[in-house]
Amino acid sequence: MRLSQYFLPVLKEVPKEAEIVSHRMMLRAGMIRQQAAGLYSWLPLGYKVLRKVQDIIEQEQNRAGAIELLMPTLQPADLWRESGRYNDYGKEMLRIEDRHERDLLYGPTNEEMVTDIFRAYVRSYKELPLNLYHIQWKFRDEVRPRFGTMRSREFLMKDAYSFDLDMEGARKAYQRMFVAYLRTYWRMGLTAIPMKADTGPIGGDLSHEFIVLADTGESAVFCHADLLDKAIPSIDTNFLGDLDPIVDDWTSLYASTEEMHDAAEYERSVPADKQISARGIEVGQIFYFGTKYSEPMKATVTGADGKDVAVHMGSYGIGLTRIVPALIEAFHDDDGIIWPVSVAPFEAAILNLKSGDALCDETCEKLYAELQAAGIDTLYDDRSDGAGAKFATADLIGVPYQVILGPRGAKSGEVEIKHRRTGERETIGIADAVSRIVGLVVPERRDTV
RNA sequence: CGGGGCAUAGCUCAGCCUGGUAGAGCACUGGUUUUGGGAACCAGGGGUCGCAAGUUCGAAUCUUGCUGCCCCGACCA
């Protein structure tokens, strides 16, 4: 993309409403625009990141055997009356009436609707297990939305729902999502730790929140330090096989959010030099809830013994519009964002320090064409601005690798490659620049391991 | 939902206390000179001072009501 042809409204000054670093940087980098409290437009740069996050989530959900569909944002109130939640949910749920005076609601979640789809078509235990997911906009009328898209009223969420004949089947479904989540966050460059979470009235141990450690996190968390560098299940993990060893390994070390924290157990099981007490951002939750919806909504299948049983369900959420700011909280410095390659809006940027100079223009055009031909998602800063402005913009929007070319280099046949994350700079012959960028970028995509 | 605060140019803000022709920096337009870390100079354009009522000869400024937004807390399947 040529920057002169793009829409990238970066801000030099910080809008006063932004408090935390990710919110400030999303506004400054021209990623989002607030339209009302808790409502945001995603501008091109922000939307590009959001799409990359979505692609990774879809790939890993599909790999784990979940099947994608799409349910509407508006739902009939009657479904929620069946489960009893229409009255229970409170003012967080946005209620709407259509022209025929039918009660609708803007969905805050989709258990009822997916259960309705399931019960309409599935009759036999032979059709199980089943896991259906979608990625759709949700709305919760938060009393106090804040921190930009970290806690907005309208938000994009991946929610998966598993259906199984019994508790044991549901446990396996849960484990598949557990492993898929480990891979999903890792692919985005995030270290997300599964922590014991509250299961409410259901009980049991089948609920985890996936937490990214960050100073600005909303909740206090406690965990064993070794969880921070545990190996991630590989791309050839067999999701139809036995996942117990992986899940057991990850859940054998102490990790808990504040609500479930057991201080005595923490002190007893975690050596003092391994104790991590920090703040964290919840970027996902997986949850087994049994027959909570299948019973009242009569989502049953006929078992091998000829008897009808209510299916055991679980739900598995990832907040996409929260992951983007969480990534920024995890990866930034004073100059701006530092995107991991796998979610970066552009993988490399070419900075033409003297647009209008014939040799600079010609060399940059050639590099741009070659990088694109090599499959690198490239931003070419061909604006007529000064060098300083180009450096500042590139650093702010966080492109992982900058290919910097000025009149000096154009003459001597060299470019400078700046690594955004480390600040490292290397000078390299122009002829070698493209293969060098490919060599740096491709392994960091994390899409083949 | 309790408490606090803010609303003036696209952005950050001054002016308000003590009523009298609406300002600065950045951004934008034209021009000249620049060009390796958000350039300099010259000349321009841009405002129902959030909305409504009131007080006054006169309101950005004082009063009342409303709306929107932010911060702290409570809340967060």
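The sequence lines fix the lettering, A, B, ..., with proteins before strands; numbering per chain opens at 1. Note that these values count all heavy atoms, side chains included, but never hydrogens, waters or copies made by symmetry.
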Counting only Watson-Crick or G-U wobble pairs whose two distances fall under 3.5 Å, which nucleotide matches [N]?
| N | answer |
| --- | --- |
| rU12(B) | rA24(B) |
| rC51(B) | rG65(B) |
| rA43(B) | rU29(B) |
| rG2(B) | rC72(B) |

Can you check whether [X] has a side-chain N or O nearer than 4.0 Å to OP1 or OP2 of [N]?
| X | N | result |
| --- | --- | --- |
| K12(A) | rU12(B) | no |
| K418(A) | rG37(B) | no |
| R144(A) | rC71(B) | yes |

Remember a base hit wins even if backbone is also touched, and classify [X] as base, sugar-phosphate or nothing at under 4.0 Å, heavy atoms.
| X | result |
| --- | --- |
| R33(A) | nothing |
| M150(A) | nothing |
| D395(A) | base |
| R28(A) | base |
| A36(A) | sugar-phosphate |
| S315(A) | nothing |
| Q34(A) | sugar-phosphate |
| R85(A) | nothing |

For this session: Using the side chain to side chain donor-acceptor pair (under 3.5 Å) rule, take Y106(A) and E154(A) through it: C-alpha gap first, then chi angles, then the decisive distance, then the call.
Result: CA-CA 10 Å; Y106(A) 196 120; E154(A) 190 182 42; 3.2 Å; yes
Exercise. Considering only heavy atoms and no angle criterion, is a donor-acceptor pair shorter than 3.5 Å present between the side chain of R146(A) and the base of rC76(B)?
Worked result: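 Check fails, no donor-acceptor contact within cut-off.
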For this session: Decide yes or no, distance alone: a donor-acceptor N/O pair under 3.5 angstrom between the base of rG38(B) and the side-chain of D385(A).
Result: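 In this structure, the two groups form no donor-acceptor pair.
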For this session: Using the ring of Y86(A) (Phe, Tyr or Trp, six-membered ring only), decide whether R95(A) places NZ or CZ under 6.0 Å from its centre and within 45 degrees of its axis.
Result: yes
For this session: Compute both the distance and the angle, then confirm whether K48(A) meets the cation-pi test with F346(A): under 6.0 Å from the six-membered ring centre, within 45 degrees of the axis.
Result: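 The answer is yes; both the distance and angle limits are met.
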Exercise. Parallel, tilted or perpendicular: which describes the rings of F178(A) and Y174(A), with under 30° parallel and over 60° perpendicular?
Worked result: tilted
For this session: Give the rounded distance in Å between these two atoms: OH of Y40(A) and P of rC69(B).
Result: 10 Å
Problem set entry | Value in whole Å for how far the C1' atom of rU34(B) lies from CG of L353(A) | 15 Å
For this session: Please indicate whether Y47(A) has more than 12 foreign heavy atoms, meaning atoms of other residues, nucleotides or ligands, lying under 6.0 Å from its OH.
Result: no
